[in-house]
Amino acid sequence: MATPYRTLFAVVGWAALVVEFVLMVWGQSGWNLAARVVNYFSFFTILTNILVALALTGPLLTRSR
């Protein structure tokens with residue numbers, strides 16, 4: 001069973017990642033956009049936040065038995 005805190009933290013984590021990505025690539029185009037996307041995923045903090053969000057989301061997507 002999914003606990004409320006797990007759901008809340010998963011939603012907040014994904015929302016924060018999406019907002020940060022949008023702010024980083026806003027108004028960019030072409031090679032500059034590609035460079036910004038690579039730069040976004042080069043931060044250890046971003047990668048760690050993705051792993052935490054995945055770990056919190058995984059149990060929400062599986063069936064409880």
Side-chain angles (χ1 to χ4, degrees):
M1 180 173 183
T3 56
Y5 78 88
R6 182 182 299 270
T7 306
L8 174 67
F9 290 157
V11 169
V12 169
W14 286 116
L17 286 164
V18 168
V19 167
E20 179 67 27
F21 183 77
V22 168
L23 288 174
M24 196 160 192
V25 300
W26 189 265
Q28 305 299 321
S29 62
W31 288 108
N32 200 17
L33 175 64
R36 288 286 180 117
V37 170
V38 169
N39 189 26
Y40 176 78
F41 287 107
S42 69
F43 289 106
F44 182 71
T45 306
I46 297 296
L47 297 176
T48 304
N49 288 344
I50 290 171
L51 288 175
V52 169
L54 285 171
L56 290 170
T57 304
L60 298 174
L61 299 178
T62 58
R63 286 186 177 164
S64 59
R65 295 178 187 193

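Computed over heavy atoms, backbone and side chain alike; hydrogens, waters and symmetry mates excluded. Bear in mind that the values here come from a model prediction, so they are computed numbers and not experimental data.
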* To do: Determine, using the 4.5 Å side-chain heavy-atom cutoff (strictly less than), whether Phe41 and Val18 are members of one ILVMFWY cluster.
  => no

* Can you list the steps and then say if Phe43 with Met24 is a side-chain contact (heavy atoms from CB on, under 4.5 Å)? -> CA-CA 12 Å; Phe43 289 106; Met24 196 160 192; 3.8 Å; yes

* Structure fact -> Closest non-hydrogen atoms of Val25 and Arg36, given as atom of the first, atom of the second and distance, are CG1-CB, 4.0 Å

* Asked: Can Ile46 be reached from Leu54 by stepping across I, L, V, M, F, W or Y side chains whose heavy atoms are under 4.5 Å apart?
  -> yes

* Which atom of Ala55 lies closest to which atom of Arg6, heavy atoms considered -> O-NH1, 3.6 Å

* Going through the distances and angles, do Trp14 and Leu56 end up as a side-chain contact (heavy atoms from CB on, under 4.5 Å)? -> CA-CA 10 Å; Trp14 286 116; Leu56 290 170; over 6 Å; no

* What distance do Leu17 atom CG and Ile50 atom CD1 have between them, rounded to the nearest 0.5 Å? -> 5.5 Å

* Intermediate values then yes/no, side-chain contact (heavy atoms from CB on, under 4.5 Å), Tyr40 and Leu23 -> CA-CA 10 Å; Tyr40 176 78; Leu23 288 174; over 6 Å; no

* **Phe21, CZ: over 12 other non-hydrogen atoms inside 6.0 angstrom** => yes

* Please confirm whether the backbone N or O of Asn39 pairs with a side-chain atom of Ser42, one donor and one acceptor, at under 3.5 Å? => yes

* Asked: Side chains of Phe9 and Val52: closer than 4.5 Å at any heavy-atom pair?
  -> no

